[in-house]
Amino acid sequence: MKPDPNKLGANATPGSSLQRRKARQLEMSSYKGLDAILQNWEFDPHTLCVRLVKGDDGRDVIQMRVDLGVLQMETNGRPDGLQPSGFPTFLDAMLAVETNDPEFVMNEDQCFEADREFVQFYHRRISWLRLEHYHRAVEDADHTLALMDVCRDHSPEDEWTMSHEQYRPFVLFHRTQAAALAALDESTPDAAVAEINQGLEAIRAVFEEHEATEDFENDEMVLQLIKLRESIRDEYAVGDSLQERLAAAVRDEQYELAAKLRDELARRQEH
């Protein structure tokens with residue numbers, strides 16, 4: 001029987017095919033499996049399994065245990081360690097394109113690369129939260145929000161825009177959590193409460209932009225942030241912030257008190 005050229009290739013022979021198989025087997029034999037890592041790090045489906053370890057050259061890397069193996073991420077730059085088009089991240093590459101052509105529309109390849117970067121930064125963001133490196137979680141959330149802005153402003157179609165914008169409150173939720181917990185560790189409980197209030201207002205603005213204000217009060221992420229804020233208040237005896245007292249004064253038409261509170265708020269912001 002003659003060899004099938006559709007299977008072997010137009011110029012292939014049974015001998016050359018055998019040689020290629022042997023070459024592949026030899027190459028594969030040089031690879032190392034993950035048996036030692038997987039056997040010594042059990043996957044727990046009920047929690048996020050993350051750790052900070054040293055790479056072969058001594059640098060810090062993040063490892064995330066998933067059901068079928070391990071994800072490894074760089075702690076600086078892009079999580080996969082690549083530099084798209086020579087830039088630190090794909091966001092940086094798109095900002096450079098935007099500088100040269102403010103009205104550009106993202107093509108299919110750019111949309112694909114944006115989605116890759118969204119996924120990578122999501123995994124690292126939740127890893128930083130789990131590791132309690134809150135400032136790094138804020139940085140990665142800010143990166144994602146900036147990339148969302150670029151995608152929104154240069155999207156090829158509304159459907160693709162909304163496929164990302166629907167997650168903006170979720171990213172803001174993570175950012176607010178991280179900023180509040182960082183403030184609680186390094187500043188004051190009042191500062192943590194202020195971070196939560198600012199985050200809630202940012203999330204509210206997204207709901208208003210998409211004409212879904214009626215859903216804001218019952219949103220699960222909003223309720224979790226309010227619960228965190230009230231637990232901080234209870235534990236550290238934190239009273240209402242100036243912003244909250246000002247809002248209450250305006251609501252109750254106490255205009256003289258509102259004016260005094262505005263003046264005090266302005267003085268604090270100047271310092």
Side-chain angles (χ1 to χ4, degrees), residues 24 26-99 109-151 164 167 170-187 192 195:
R24 284 197 298 269
L26 181 61
E27 182 181 12
M28 292 174 61
S29 68
S30 67
Y31 297 155
K32 293 183 179 180
L34 299 176
D35 294 357
I37 294 177
L38 300 183
Q39 290 171 1
N40 294 312
W41 190 10
E42 184 177 355
F43 173 69
D44 184 350
H46 303 294
T47 190
L48 183 62
C49 304
V50 179
R51 65 188 184 186
L52 196 62
V53 300
K54 294 293 183 182
D56 292 342
D57 59 359
R59 76 190 190 286
D60 287 335
V61 294
I62 297 172
Q63 289 183 342
M64 177 188 292
R65 182 71 164 91
V66 294
D67 198 2
L68 297 177
V70 175
L71 301 180
Q72 181 164 296
M73 294 166 275
E74 299 295 326
T75 58
N76 295 302
R78 217 169 105 121
D80 63 3
L82 299 181
Q83 294 186 324
S85 302
F87 290 88
T89 66
F90 184 70
L91 169 62
D92 293 300
M94 287 296 92
L95 291 175
V97 174
E98 184 180 58
T99 299
D109 288 340
Q110 290 169 334
C111 291
F112 176 79
E113 289 301 325
D115 286 336
R116 285 185 64 201
E117 189 149 298
F118 278 131
V119 171
Q120 290 184 26
F121 273 82
Y122 163 73
H123 282 119
R124 193 168 68 182
R125 183 175 74 244
I126 62 175
S127 296
W128 286 132
L129 281 167
R130 180 64 175 173
L131 293 168
E132 300 182 4
H133 288 222
Y134 299 122
H135 285 299
R136 301 301 303 272
V138 169
E139 291 173 0
D140 280 359
D142 285 341
H143 180 99
T144 296
L145 291 168
L147 184 56
M148 282 184 165
D149 290 345
V150 170
C151 291
H164 300 91
Y167 295 111
F170 181 58
V171 181
L172 287 168
F173 168 68
H174 278 167
R175 189 198 186 284
T176 303
Q177 278 187 317
L181 293 172
L184 194 60
D185 282 347
E186 301 172 7
S187 183
E195 290 286 357

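Count residues from 1 along the sequence. Being a predicted model, the structure only gives us computed values, none of them experimental.
Here the shortest heavy-atom pairing between V150 and L95 reads CG2-CD2, 3.8 Å. The heavy-atom pair separating A180 from A192 by the smallest distance is O-CB, 3.4 Å. Looking at every heavy atom in both residues, L129 comes nearest to A178 through CD2-CB, 3.8 Å. In terms of heavy-atom proximity, R175 sits nearest to A141 at CB-CB, 3.7 Å. In terms of heavy atoms, R124 sits closest to N76 at NH1-N, 3.7 Å. Nearest heavy-atom pair, C49 versus E42, reported as atom, atom and distance to 0.1 Å: SG-O, 4.4 Å.
Interatomic distance, Q120 CD to D140 CG, rounded to the nearest 0.5 Å: 11.0 Å. We find the CD-CG distance between E98 and L91 to be 9.5 Å, quoted to the nearest 0.5 Å. Note: H135 NE2 to L181 CG = 10.5 Å, rounded to the nearest 0.5 Å.
A parallel orientation is assigned to the rings of F170 and F173, their planes being inclined by less than 30° (bins at 30° and 60°).
In this structure, Q63 and W41 have side chains that are in contact, with non-hydrogen atoms separated by less than 4.5 Å. Counting heavy atoms from C-beta on, the side chains of I62 and Q72 never come closer than 4.5 Å. Within the 4.5 Å cutoff, the side chain of Y134 has no heavy atoms near those of the Q177 side chain. Considering only heavy atoms from C-beta on, S127 comes within 4.5 Å of M73 through its side chain. With a 4.5 Å cut-off on side-chain heavy atoms, H164 and F118 count as touching.
Looking at residues two or more places apart in sequence or on another chain, you find no salt bridge (Lys or Arg N to Asp or Glu O under 4.0 Å) involving D115.
A 6.0 Å sphere centred on CG of D56 holds no more than 12 heavy atoms belonging to other residues, nucleotides or ligands.
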Handout entry: Worked verdict on F87 versus M94 for side-chain contact (heavy atoms from CB on, under 4.5 Å)
Key = CA-CA 9 Å; F87 290 88; M94 287 296 92; over 6 Å; no
Exercise for the section: Begin with the C-alpha distance, continue with both residues' side-chain angles, and end with the deciding distance and a verdict on side-chain contact (heavy atoms from CB on, under 4.5 Å) for M64 and V70. Expected result: CA-CA 6 Å; M64 177 188 292; V70 175; over 6 Å; no
Problem - Candidate pair R116 and D80, rule side-chain contact (heavy atoms from CB on, under 4.5 Å), full reasoning - result: CA-CA 10 Å; R116 285 185 64 201; D80 63 3; 3.5 Å; yes
Practice task
Show the numbers, then the answer: is there a side-chain contact (heavy atoms from CB on, under 4.5 Å) between H174 and T144?
Solution key: CA-CA 11 Å; H174 278 167; T144 296; over 6 Å; no
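Under the 3.5 Å distance criterion, with hydrogens and angles disregarded, a donor-acceptor pair is assigned to the side chains of T47 and R130.
No donor-acceptor pair closer than 3.5 Å links the side chain of E117 to the backbone N or O of T89. The closest donor-acceptor contact from the side chain of R65 to the backbone of R51 lies at 3.5 Å or more, if one exists at all. When atom types are taken as modelled, the side chain of H143 and the backbone of E139 share no donor-acceptor pair closer than 3.5 angstrom. Counting only distance, with no hydrogens or angles, the side chain of R136 and the backbone of T75 share a donor-acceptor pair below 3.5 Å.
Stacking of R125 on the aromatic ring of Y122 is not recorded, the 6.0 Å distance cut-off and the 45° axial limit not both being met.
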